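Every value quoted in this text rests on a predicted model; they were computed, and no experiment measured them. Residue numbers start from 1 in every chain, and the chains themselves are labelled A, B, ... in the order their sequence lines are given, proteins ahead of strands. Values below: all heavy atoms of this structure, side chains included; hydrogens, waters and symmetry mates excluded.
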There are 2 protein chains.
Amino acid sequence: MTAHAHPELTKNQSLVFGSLSDAGGPLTAYAILDLLREDGFRAPLQVYRALDKLVEYGMVHRLESLNAFVACAHTGCSAHGAAAFAICEQCGDVIEFTPDEALKGLNDWAGAQDFTLARMTIELRGTCGACKSKAV
Amino acid sequence: MTAHAHPELTKNQSLVFGSLSDAGGPLTAYAILDLLREDGFRAPLQVYRALDKLVEYGMVHRLESLNAFVACAHTGCSAHGAAAFAICEQCGDVIEFTPDEALKGLNDWAGAQDFTLARMTIELRGTCGACKSKAV
DNA sequence: GAGTTTTATGTAATAATATAACGCGGTCTC
DNA sequence: GAGACCGCGTTATATTATTACATAAAACTC
């Protein structure tokens, strides 16, 4: 539960970020709630409020196609709105990456349309190399 | 409610596709349900089942970041998994487009990672040109 | 065309995800 | 110390989506 160069986290924010970091993968808000019951969490709102802040700080990403949340892979991940995720439908693993060419293309499109970008969601679904090897 | 070169739609599928086409923008499943009550719809499942098929046929897209559905902008939109959406947070308008450069970049990334793509979600959030003009 | 399988349907119940509304307590600032 | 703000706790509720079971209609097989 490293300190990070981010705003001092509150107790609830630290707990939520800790669960996500420890999980090493995506968790739903309710899964986090269950993990934190022993730490005194009682209600979904405690999780959602912390997640809102963590997403705002760029420490956590929301996976829209999974309704789940994941700790940012880049321990200091500040320059954002700009991550992409590949989600393996076999093993559930999520790979975060920065798709420079795609981002350029989308930014160009937005510029040409006079569309001001607030954020982007880029999520790939499929099967990762490891799972394909395993399959007969 | 044009006939399309697609599988013959069932009655429920036609009704759902019709509401989405008429709406000219995204609708949630429950919004569709309310629109179709006068046509005899009673339960969410009637909508979700039709939507599943329509998405499978490529006639409807799901907007993950909105939990909503929209009729495909390309009346015969067959070659898919490959659309992107720009969603204006002021007026709610959705622009569907095909981001060739971005798709190339993401496909290349997947190839390099040995990740087999099943589908992609690309959604841009922001403010469209028209809304920016209106703003003081 | 009788039997079988598949697909679509209707309905009720429930699960999973997310927010609204209220009140309390701390910490700033002035 | 009054006011503003923020985080927190709690209850209730809203929204989105699925499970489970029964019926009916279409398509396929022999």
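As rounded to whole Å, 15 Å separates atom C1' of C:dA15 from atom CG of B:Asn67. To the nearest angstrom, P of D:dC6 lies 13 Å from CD of A:Gln13. For A:Leu9 and D:dC6, the CG to P distance is 17 Å, given to the nearest whole Å. D:dT15 atom P lies 15 Å from atom CG of B:Leu66, rounded to whole Å. In this entry the distance linking CG of B:Asp52 with P of C:dT7 reads 14 Å, nearest Å. The distance from atom CG of B:Asn12 to atom C1' of D:dA26 is 15 Å, rounded to the nearest whole Å. Distance CZ (B:Arg49) to P (C:dA12): 13 Å, rounded to an integer number of Å. As a whole-Å value, the separation of A:Leu15 CG from D:dG7 C1' is 14 Å.
Phosphate contact (OP1/OP2 of D:dC6, side-chain N/O of A:Thr10, threshold under 4.0 Å): absent. Contact annotation: A:Lys53 reaches the phosphate of D:dG7 (side-chain N/O to OP1 or OP2, under 4.0 Å).
Counted by atom type alone, B:Ser65 and A:Glu64 present zero donor-acceptor pairs between their side chains at under 3.5 Å.
Note that SG of B:Cys91 is 6.0 Å distant from NZ of B:Lys134, once rounded to the nearest 0.5 Å. Note that the CZ atom of B:Phe97 and the CD1 atom of B:Ile95 stand 8.5 Å from one another [nearest 0.5 Å]. To the nearest 0.5 Å, atom CD1 of residue B:Ile87 and atom OG1 of residue B:Thr127 are 12.5 Å apart. Taking CD from A:Glu101 and CG from B:Leu103, the interatomic distance works out to 10.5 Å, rounded to the nearest 0.5 Å.
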Pair up each side-chain donor or acceptor in residues 42-56 of chain B with any protein partner under 3.5 Å, not counting sequence neighbours, and list the distances.
unit_1	atom_1	unit_2	atom_2	d
B:Gln46	OE1	B:Arg42	N	2.6
B:Gln46	OE1	B:Ala43	N	2.9

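Proximity note for A:Phe69 (side chain, C-beta onward) versus C:dA18, D:dA17, C:dA8: the nearest is C:dA18. Of all nucleotides listed (C:dT9, C:dT17, D:dG7), D:dG7 comes nearest to the side chain of A:Tyr57.
B:Phe69 has its ring centre no less than 6.0 Å from the ring centre of B:His61.
Residues A:Gly25 and A:Val70 come closest through the heavy atom pair C-CG2, 3.9 Å.
At distances below 3.5 Å, not a single donor-acceptor pair connects side-chain atoms of B:Gln113 with backbone N or O atoms of B:Ala110.
Within residues 27-48 of chain A, the residues approaching DNA chain C are A:Thr28, A:Tyr30, A:Leu45, A:Tyr48, by heavy-atom distance under 4.0 Å.
Axis deviation across the helix from C:dG1-D:dC30 to C:dC30-D:dG1 amounts to 40°, comparing end segments of five pairs, rounded to 10 degrees.
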